[in-house]
Amino acid sequence: MSPTEIGGLPAHVLLVHVIVVAVPLTAVLLVLTAVWPRARRRGSGLTAIVALVTLVAVPVTTHAGEWLQRRVPATALVRAHTQLGDGLLPWTVALFVVAAVLWVLQRFEIRRVGGLAGDGGPGTARAPTRLVAAVGRSGTAVAVVLAVLATAVSVGAVVDVYRIGESGARAAWTGHFSQQPLVLHDRRPAG
């Protein structure tokens, strides 16, 4: 088994399933943590981790796709799929960045509410204290901006995954199946 094959199958055709699940899952978690304070308090760390896994999975899947591309006929449909696939990485970077920002702001909020930020105690950093104070003063504006950004990035990423998947299905199946069954199977029980 090589990194481009899994069980004798091209890894790309299996890894795309990770992307098809991970990107929408990341998008849903990101929007929830951006618009719902309770979800942000409880799930911003998980969202950042899922976003990181998604971010790592994209280049792995793309690499496996490039390997596969060199082993299938170079059709216009394959080229279109490849071009669309190359556009997913910036979306997943954006998903991760917004998730990380939400997590960092949530961590600072916990410190502020807990009395650790800005209390002047030992180990309290001044830059985070100023950031927490600034976010606290403009919290509503920051929350709205992050919610809009999270929603826009999430919708863009999910739409891109749909477009990539649809083009991949067309590349794999156009001209390779029949509308009618090719073989009629005898459905009588053996015996």
Side-chain angles (χ1 to χ4, degrees), residues 2-6 9-37 39-40 43-72 74-109 131 134-135 138 141-174:
S2 75
T4 51
E5 292 182 33
I6 299 173
L9 295 173
H12 181 73
V13 298
L14 300 171
L15 291 172
V16 294
H17 294 88
V18 173
I19 301 303
V20 166
V21 171
V23 170
L25 175 62
T26 303
V28 167
L29 290 173
L30 183 61
V31 171
L32 281 175
T33 57
V35 302
W36 189 16
R40 186 169 41 257
S44 61
L46 174 65
T47 301
I49 291 168
V50 172
L52 179 61
V53 169
T54 302
L55 176 60
V56 170
V58 167
V60 171
T61 304
T62 302
H63 172 72
E66 290 166 353
W67 177 88
L68 180 58
Q69 181 185 13
R70 292 187 296 272
R71 288 160 177 80
V72 298
T75 66
L77 293 172
V78 170
R79 284 189 297 278
H81 175 64
T82 301
Q83 288 174 346
L84 286 171
D86 288 341
L88 185 58
L89 186 59
W91 288 111
T92 56
V93 167
L95 287 170
F96 174 71
V97 167
V98 175
V101 166
L102 285 167
W103 178 74
V104 167
L105 290 176
Q106 178 58 33
R107 297 302 306 159
F108 284 141
E109 178 63 19
L131 176 63
V135 170
S138 61
V142 170
V144 169
V145 167
L146 286 173
V148 169
L149 187 59
T151 302
V153 167
S154 294
V155 168
V158 170
V159 167
D160 203 39
V161 165
Y162 171 81
R163 291 177 62 223
I164 295 164
E166 193 270 338
S167 73
R170 285 192 185 281
W173 292 104
T174 297

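Sequential numbering from 1 along the given sequence is applied to the chain's residues.
- Looking at every heavy atom in both residues, Asp160 comes nearest to Leu84 through OD2-O, 4.3 Å.
- What you find for Ser154 and Leu30 is that their closest heavy atoms are OG-CD2, 3.7 Å.
- Between Val13 and Pro10, the shortest heavy-atom contact is CG2-O, 3.0 Å.
- Scanning both residues, Ala152 and Trp91, for their nearest heavy atoms gives O-CZ3, 4.2 Å.
- By the 4.5 Å heavy-atom criterion applied to side chains, Leu55 and Thr26 are not counted as neighbours.
- To the nearest 0.5 Å, the span separating OG1 on Thr75 from CZ on Arg170 amounts to 12.5 Å.
- Distance check, rounded to the nearest 0.5 Å: NE2 of His63 to CG of Leu68 gives 11.5 Å.
- With contacts defined as side-chain heavy-atom distances shorter than 4.5 Å, the pair Thr47/Leu102 does not qualify.
- Between atom CH2 of residue Trp103 and atom CD1 of residue Ile49 there is a gap of 8.5 Å, rounded to the nearest 0.5 Å.
- Under the 3.5 Å distance criterion, the side-chain polar atoms of His17 are matched with a main-chain donor or acceptor of Leu14.
- Just one of Thr92, Thr61, Thr62 meets the side-chain contact (heavy atoms from CB on, under 4.5 Å) condition when paired with Ile19; it is Thr61.
- Expressed to the nearest 0.5 Å, how far CZ of Arg71 lies from OG1 of Thr4 amounts to 6.0 Å.
- A donor-acceptor pair is defined here as one N or O able to donate and one able to accept, closer than 3.5 Å; no such pair exists between the side chain of Thr174 and the backbone of Ala171.
- Without hydrogens or angle criteria, His12 side chain to Ala64 main chain gives no donor-acceptor distance under 3.5 Å.
- Interatomic distance, CZ of Arg79 versus OG1 of Thr82, reported as 9.0 Å (0.5 Å rounding).
- Nearest heavy atoms, Leu146 versus Ala34: O-CB, 4.0 Å.
- Across every non-hydrogen atom of Val78 and Gln69, the tightest pair is CG1-CG, 4.0 Å.
- A salt bridge is absent between Glu66 and Arg70: the closest approach of a Lys/Arg side-chain nitrogen to an acidic carboxylate oxygen does not fall below 4.0 angstrom.
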